[in-house]
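In the text below, chain A, chain B and the rest are named by the order of the sequence lines, each starting its count at 1. Keep in mind that the numbers below use all heavy atoms, side chains included, and drop hydrogens, waters and symmetry copies. Keep in mind that what you see is a predicted model, and the values were worked out from it rather than measured.
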2 protein chains.
Amino acid sequence: MVTTHSSTEEKILEAAKSVFHRKGFDGTRMQEIADEAGINKALLHYYYRSKENLFDAVFKDAFNELFKKIFSIVGSTIPFEEKIRYIFSDYIGFMQKNPYIPSFILNEINHNPARIADLMKNLPTPPSEILTRVKKSLEDEGLKDIDHRQFIINIISLSIFPIIARPLLKSILNLTEEEYNEFIETRKKELPDFIFKAIHS
Amino acid sequence: MVTTHSSTEEKILEAAKSVFHRKGFDGTRMQEIADEAGINKALLHYYYRSKENLFDAVFKDAFNELFKKIFSIVGSTIPFEEKIRYIFSDYIGFMQKNPYIPSFILNEINHNPARIADLMKNLPTPPSEILTRVKKSLEDEGLKDIDHRQFIINIISLSIFPIIARPLLKSILNLTEEEYNEFIETRKKELPDFIFKAIHS
DNA sequence: GTCTATATGGCGATAGAC
DNA sequence: GTCTATCGCCATATAGAC
């Protein structure tokens with residue numbers, strides 16, 4: 001599936017990801033993508049008809065990546081507590097490797113909310129199924145009084161926010177780049193226990 | 001302090017806030033600001049020399065608003081538990097009234113992290129003082145093993161994320177506008193207890 | 001497929017009348 | 001202070017040679 005020889009089309013898509021993720025649709029220049037791909041601006045339009053087309057490819061890819069990850073974890077059959085630990089370590093780990101994707105997605109959706117409907121259709125697992133699965137997990141754990149929706153949003157909030165607010169939080173907490181990385185590593189380990197204590201009466 | 005007769009300059013600033021908050025620097029057109037202010041494009045340049053100048057005024061104002069709020073709560077002398085409850089209800093309440101500000105701030109900082117240093121200088125209370133104050137509060141509560149930085153980030157994450165990810169979460173949870181508002185109201189009430197249970201062993 | 005050159009439109013900014 | 005008209009630039013997109 002993975003080819004080392006990257007065709008021109010692949011080079012363009014990789015360059016487009018790099019620039020769009022960091023600068024968003026409005027902040028991106030086709031020239032910058034061409035430069036990063038090491039090709040000419042006109043070639044972008046040869047492979048992808050327009051900037052919007054190229055952006056759509058990048059956006060859908062990022063959205064699917066972000067959700068494939070969380071869906072595959074939630075959908076697995078490992079025990080509840082283990083699953084929670086796995087979500088934090090694995091999901092935060094993914095975002096550490098792709099730090100621009102979360103804010104890129106949120107931003108572009110906020111700038112154009114109508115886009116969501118289309119994205120939701122192409123997901124491998126519909127969100128509604130994830131929701132009912134989490135609801136059932138909580139019930140099986142004897143946590144019937146926990147609202148599964150609030151529970152999910154709490155986990156996602158605690159995971160994503162420190163990634164998307166990194167520069168601001170780094171400055172507020174007065175941490176270096178390495179110290180902030182360590183701060184995130186600590187979260188991965190401690191957040192599961194934080195959650196368990198919060199939901200077990 | 002508040003004048004009902006709004007001068008042209010005030011009208012421009014209000015219009016600029018409205019557009020910049022929603023569309024960010026790159027997505028904003030001076031023409032749109034002029035239209036929303038009900039004046040001519042040339043007048044924008046008469047009062048504010050450039051788009052960057054106008055943006056700076058809007059950005060600094062939003063940043064200060066967002067932090068004035070949280071600092072005034074943390075700095076008050078009310079009891080610990082009450083303070084936590086107050087933060088969630090008041091801070092989330094502020095963001096409900098100004099839903100675009102959080103993502104606007106985060107976004108623009110991510111697009112230009114160098115901007116932070118300048119902003120930090122003009123804050124009424126330096127973040128370091130807030131940090132030590134929270135640290136002391138936790139110690140006074142007999143919660144010495146809680147890292148005050150993780151504690152703060154948890155509270156901020158749980159508050160802000162559902163605001164900035166509103167359109168996405170609304171879609172995932174399959175909620176109407178009103179239902180999502182109710183969802184946020186529920187958070188305001190339940191998050192304090194969630195936190196208390198999590199930190200009290 | 002890949003390039004250079006150019007068309008086309010839009011945007012920030014200014015000039016100058018009133 | 002406020003307007004109309006316009007300049008100058010830059011970005012997307014296309015034409016056309018190789």
Side-chain angles (χ1 to χ4, degrees), chain A residues 3-62 100 104 107-108 110-112 114-115 118, chain B residues 3-62 100 104 107-108 110-112 114-115 118:
Chain A
T3 53
T4 24
H5 106 284
S6 58
S7 67
T8 301
E9 191 167 355
E10 284 165 342
K11 275 195 295 186
I12 291 174
L13 193 60
E14 285 310 305
K17 282 183 191 174
S18 165
V19 181
F20 275 130
H21 287 179
R22 281 181 287 115
K23 310 202 169 182
F25 181 81
D26 291 325
T28 291
R29 300 296 97 122
M30 293 294 265
Q31 184 62 59
E32 191 172 350
I33 295 175
D35 290 346
E36 191 147 326
I39 49 112
N40 192 277
K41 212 174 43 166
L43 263 188
L44 298 180
H45 289 90
Y46 175 79
Y47 283 99
Y48 300 83
R49 286 197 348 268
S50 66
K51 183 184 179 182
E52 305 232 357
N53 252 321
L54 182 50
F55 176 80
D56 274 358
V58 171
F59 186 64
K60 280 177 188 161
D61 189 86
Y100 294 108
F104 169 68
N107 241 328
E108 299 299 336
N110 283 340
H111 279 43
N112 191 356
R115 209 188 290 275
D118 184 45
Chain B
T3 53
T4 24
H5 106 283
S6 59
S7 66
T8 301
E9 191 168 354
E10 284 164 344
K11 275 194 295 185
I12 290 174
L13 193 60
E14 285 310 305
K17 281 183 193 175
S18 166
V19 182
F20 275 131
H21 287 179
R22 282 180 287 115
K23 310 203 168 181
F25 181 82
D26 292 325
T28 290
R29 300 296 99 125
M30 293 296 265
Q31 184 61 59
E32 191 173 350
I33 295 175
D35 290 346
E36 191 147 328
I39 50 112
N40 193 277
K41 206 173 53 164
L43 263 189
L44 298 180
H45 289 91
Y46 175 79
Y47 284 99
Y48 299 84
R49 284 193 355 264
S50 65
K51 182 183 180 183
E52 305 233 353
N53 253 322
L54 183 51
F55 176 81
D56 275 358
V58 171
F59 186 65
K60 280 177 188 161
D61 189 85
Y100 295 108
F104 168 68
N107 239 330
E108 298 301 334
N110 284 340
H111 279 45
N112 191 357
R115 211 188 288 273
D118 185 45

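Within 4.0 Å of Y47(A), counting heavy atoms only, lie sugar-phosphate atoms of the nucleic acid but no base atom.
Across the interface with DNA chain D, nearest-nucleotide mapping of S50(A) and K41(B) shows K41(B) to be the residue nearer the 5′ end.
Interatomic distance, OG of S7(B) versus CG of L13(B), reported as 9.5 Å (0.5 Å rounding). The structure places CG of L54(A) at 5.0 Å from CD1 of I33(A), a figure rounded to the nearest 0.5 Å.
Look at T8(A) and you won't find any side-chain N or O under 4.0 angstrom from OP1 or OP2 of dG1(C). Side-chain N/O atoms of H45(B) include none lying less than 4.0 angstrom from OP1 or OP2 on dT14(C).
At least one side-chain heavy atom of F104(B) sits under 4.5 Å from a side-chain heavy atom of V58(B). In this structure, F20(A) and K51(A) have side chains that are in contact, with non-hydrogen atoms separated by less than 4.5 Å. The closest side-chain heavy-atom distance from Y48(A) to L44(A) is not below 4.5 Å.
Atom-to-atom, CG of L43(A) to C1' of dT2(C) comes out at 5 Å; the value is rounded to the nearest Å. One atom, CG of L44(A), and another, P of dA11(D), lie 14 Å apart when rounded to the nearest Å. One atom, CZ of R49(A), and another, C1' of dT14(D), lie 13 Å apart when rounded to the nearest Å. Put simply, NZ on K51(B) is 12 Å from C1' on dG10(C), counting in whole angstrom units. Rounded to whole angstrom, the span from the CD atom of E9(B) across to the P atom of dG1(D) amounts to 9 Å.
In this structure a side-chain-to-backbone donor-acceptor pair under 3.5 Å is present from H111(A) to K23(B).
Scanning both residues, K41(A) and H45(A), for their nearest heavy atoms gives O-ND1, 3.7 Å.
When only modelled atom types and interatomic distance are considered, E108(A) and N112(A) share no side-chain donor-acceptor pair under 3.5 Å.
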Please write out each protein N/O paired with an N/O of nucleotides 16-18 of chain D under 3.5 Å, distance rounded to 0.1 Å.
none

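Figure legend: R115(A) and F59(A) shown as a cation-pi pair, the cationic atom lying under 6.0 angstrom from the six-membered ring centre and within 45 degrees of its axis.
For residues 11-40 of chain B, proximity to DNA chain C is found at T28(B), R29(B), M30(B), defined as any non-hydrogen atom under 4.0 angstrom from a strand atom.
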